[in-house]
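Note: hydrogens, waters and symmetry copies are ignored here, and every other heavy atom, side chains too, is used. Residue numbers count from 1 along this sequence.
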Amino acid sequence: MTSDGVPERAGNNLDPWYANYAERAAGFAASEVRALFAVASRPEVVSLAGGMPFVSALPQELITSAFERTMREQGPVALQYGSGQGIPSLREHILEVMSLEGIRASVDNVVTSTGSQQALDFVAKLFLDPGDVVLAEAPSYVGAMGVFRSYQASVVHVAMDDEGLIPEALRETIAHLRGQGRRIKFLYTIPNFHNPAGVTLSAARRPEILEICRANEILVLEDNPYGLLHFDEPAPDALRSMDPEGVIYLGSFSKTLAPGFRVGWALAPHAIREKLILAAESAILSPSSFSQLVVSEYLSQADWRGQIDAFRGVYRERKDAMIEALGEYLPQLSWTNPNGGFYVWVTLPDMLDSKQMLPRAVRELVAYTPGTAFFADGRGRHAMRLSFCYPTPDAIRLGIRRLATVVNGELDLLDTFAGTGTLQLPDRPGIELAPPTDLK
């Protein structure tokens, strides 16, 4: 104990500065997705783990010409500091992109960021105090939960099914938390081609979800990086299009163009927009003028709608290859069948643990992301996320065949040593439908 009554915290052999960290630093932890990259990047491993877009499908000559025109015509501006809100020409293009999902907005309410992940961090910084609650689907995006933990907030999951977030589960969860006197700051949701579950919030449920949040004075944070990457029918109009004052919308060019540009944005109500700009200026002064101008130049000159359509074809082919391979090699499991995006969510028998099974999978030269990465409360051991966006269809089929070797090997061992007998598994592909039992 120090002289002023503050408990002393000692350093350790690995980090002599341990005692000096702020308490919130304890919320930083390496994600299971990032930890997989070192292994998954080995050429002999088929990675079904990371959500990396297939950037080789981009027309390289158009990207190169956008670079060259930017430097030739706007070089001094591109290499200089810019506005904390972002380049106006790019924000105009962003309005055009969002209009495809029914959003009508003012360029003044768009704030560009270094990927939508940074905008997510800014929103968390503005709203979250230690002990606050963020509502999120079960499962939810691992990168978002890491941000919320870093601000010492608690993530409470709300059940979802094949039509997305379940309205009645949302009502029950809010009532339960309010009964405990806990403070809910916002609902974080990925309504389109969900990461990791692959499902899409149905059109019928969207207004009901918004009405529940309005009635309870809960802000909605809509994260939509995959919305334009549909395969058959487009996703329903964005939540933001139905409630401009109650929704902060996050968008990104990482999935529809390339993540290397690190350009995303937030569309927020006016008062929140002002605070987002202040948060950006405090953190980074301004987002990269160079990246914004190159993206703006590309959008001005290229057939970007046609390019997104080409991406849809690439990802549809890969998704079909994954679904077919699962049906051939692992028919005893269940899975979602997304209509867009990058991910399939696979449910395992209760006796299997995807996290414990991963080392054996890597030995078989296939990688996936364990379901535990996508829950804040320890669930997900009986599930895994498979990404179909990056490997070729042939590589996907090979990866699923290797994964079947692992799963079937584990089941054979359990059957041999535990006498499990015949396995009774769900008939219908899907994800867990039961609401969470622990809402603390």
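The salt bridge (Lys or Arg N to Asp or Glu O under 4.0 Å) pairs that include a residue from residues 57-77 are Arg69-Glu297, where partners are two or more places apart or lie in different chains. Applying the side-chain hydrogen bond (donor to acceptor under 3.5 Å, both in side chains) definition to pairs two or more places apart or across chains, none involves residues 75-84. Identified under the side-chain hydrogen bond (donor to acceptor under 3.5 Å, both in side chains) test for residues 121-146, with sequence neighbours left out: Gln117-Tyr141, Asp121-Tyr151, Asp129-Arg183, Asp132-Arg183, Asp132-Lys185, Glu137-Thr189, Glu137-His194. Within the structure, ring-ring contact (aromatic ring centres under 6.0 Å, His included) contacts touching residues 284-304 (residues at least two apart or in different chains) are Phe67-Phe290. Listed by first and then second residue, the salt bridge (Lys or Arg N to Asp or Glu O under 4.0 Å) pairs that reach into residues 333-342 come to none, sequence neighbours excluded. Residue pairs meeting the salt bridge (Lys or Arg N to Asp or Glu O under 4.0 Å) criterion with at least one partner in residues 338-349, sequence neighbours excluded, are absent.
Rounded to the nearest 0.5 angstrom, Ile87 CD1 and Ser291 OG are separated by 10.5 Å. Here NE2 of His157 is found 11.0 Å from OG1 of Thr173. Values are rounded to the nearest 0.5 Å. One finds the CG atom of Leu219 at 12.5 Å from the CD1 atom of Ile184 (value rounded to the nearest 0.5 Å). Atoms OG and CG, from Ser47 and Leu365 in turn, are 12.0 Å apart once rounded to the nearest 0.5 Å. If you take CG on Leu239 and CG on Leu210, they are separated by 5.0 Å, rounding to the nearest 0.5 Å. Taking CD of Glu101 as the start and CD of Glu222 as the end, the distance is 7.5 Å to the nearest 0.5 Å.
Judged purely by atom type and a 3.5 angstrom limit, His230 has no side-chain atom pairing as donor or acceptor with the backbone of Gly340. Put simply, the side chain of Arg312 gets close to the backbone of Leu228: a donor and an acceptor are under 3.5 Å apart. Looking at Gln74, its side chain never comes within 3.5 Å of a backbone N or O of Thr70 through a donor-acceptor pair. Side chain of Glu364 to backbone of Thr405: no donor-acceptor contact under 3.5 angstrom is found. In this structure, the side chain of Arg381 does not engage the main chain of Lys355 through any donor-acceptor pair within 3.5 Å. Judged by distance alone, the side chain of Gln307 and the main-chain N or O of Ala57 form a donor-acceptor pair under 3.5 Å. No donor-acceptor pair closer than 3.5 Å links the side chain of Ser296 to the backbone N or O of Leu293. With Arg385 contributing its side chain and Tyr343 its backbone, the two residues share no donor-acceptor pair below 3.5 Å. Between the side chain of Ser282 and the backbone N or O of Ala279 there is no donor-acceptor pair closer than 3.5 Å.
Val123 is listed as a side-chain neighbour of Leu276, based on a closest heavy-atom distance under 4.5 Å. Counting heavy atoms from C-beta outward, Val220 and Ile209 have side chains that stay 4.5 Å or more apart. No side-chain heavy atom of Arg205 sits under 4.5 Å from any side-chain heavy atom of Leu165. You'll find the side chain of Met357 reaches within 4.5 Å of the side chain of Leu348, heavy atoms only. Between Arg305 and Asp309, every side-chain heavy-atom pair lies at or beyond the 4.5 Å cut-off. Counting heavy atoms from C-beta on, the side chains of Pro196 and Met384 never come closer than 4.5 Å. The shortest distance between side-chain heavy atoms of Ile308 and Leu229 falls below 4.5 Å. Looking at heavy atoms from C-beta onward, Asp232 lies in side-chain contact with Arg316 at the 4.5 angstrom threshold.
Within a 6.0 Å sphere centred on OH of Tyr390, heavy atoms belonging to other residues, nucleotides or ligands number 12 at most.
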Handout entry: Trace of the side-chain contact (heavy atoms from CB on, under 4.5 Å) decision for Arg182 with Ser154
Key = CA-CA 10 Å; Arg182 302 181 71 182; Ser154 299; 3.6 Å; yes

Practice task
Could you give me the CA-CA distance, side-chain angles and deciding distance for Arg273 and Ile277, then say whether side-chain contact (heavy atoms from CB on, under 4.5 Å) is met?
Solution key: CA-CA 6 Å; Arg273 183 280 315 268; Ile277 296 171; 3.3 Å; yes

Problem - Stepwise side-chain contact (heavy atoms from CB on, under 4.5 Å) check, Leu403 with Leu386 - result: CA-CA 11 Å; Leu403 182 61; Leu386 302 182; 4.2 Å; yes

Exercise for the section: Test side-chain contact (heavy atoms from CB on, under 4.5 Å) on Leu352 and Leu414 and set out the steps. Expected result: CA-CA 9 Å; Leu352 293 187; Leu414 288 168; 3.6 Å; yes

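Remark: Tyr188 pairs with Phe148 by the ring pair (Phe, Tyr, Trp, His ring centres under 6.0 Å) rule, at least two apart or across chains. Here Glu168 pairs with Arg171 under the side chain to side chain donor-acceptor pair (under 3.5 Å) rule; sequence neighbours left out. Not counting sequence neighbours, the partners of Asn408 by the side chain to side chain donor-acceptor pair (under 3.5 Å) test are Gln332. By the side chain to side chain donor-acceptor pair (under 3.5 Å) test, Ser241 is found to be paired with no residue, residues two or more places apart in sequence or in another chain being considered. Every ring pair (Phe, Tyr, Trp, His ring centres under 6.0 Å) that Phe342 has, sequence neighbours left out, goes to Tyr226, Tyr315. With sequence neighbours excluded, the residues forming a side chain to side chain donor-acceptor pair (under 3.5 Å) with Lys319 are Asn337, listed by chain and number.
When every heavy atom of Ser354 is checked against every heavy atom of Ala383, the shortest pair comes out as OG-O, 2.7 Å. The minimum heavy-atom distance between Ala49 and Thr369, with the atom names listed, is O-OG1, 3.2 Å. When all heavy atoms of Phe388 and Pro338 are compared, the closest pair comes out as CE2-CG, 4.0 Å. For the residue pair Ile323 and Thr336, the shortest heavy atom distance occurs at CD1-O, 3.7 Å. When all heavy atoms are compared, the tightest approach of Leu48 to Pro391 is CD2-CG, 4.1 Å. Among all heavy-atom pairs drawn from Gly227 and Phe193, the shortest one is O-CE1, 3.5 Å.
A side chain to side chain contact (heavy atoms under 4.5 Å, CB included) with Leu257 holds for exactly one of Ile63, Leu299, Val55; it is Ile63. Checking each of Asn224, Ile190, Leu221 against Leu250 for a side chain to side chain contact (heavy atoms under 4.5 Å, CB included) leaves exactly one that passes, namely Leu221.
Relative ring orientation between Phe253 and Trp265 is described as tilted, the plane-to-plane angle lying within the 30° to 60° band.
Figure legend: Arg318 and Phe54 shown as a cation-pi pair, the cationic atom lying under 6.0 angstrom from the six-membered ring centre and within 45 degrees of its axis.
Looking at Ser65 and Gln301, their side chains never bring a donor and an acceptor atom within 3.5 Å of each other. Remark: the Ser254 side chain and the Arg262 side chain contain an N/O donor-acceptor pair separated by less than 3.5 Å.
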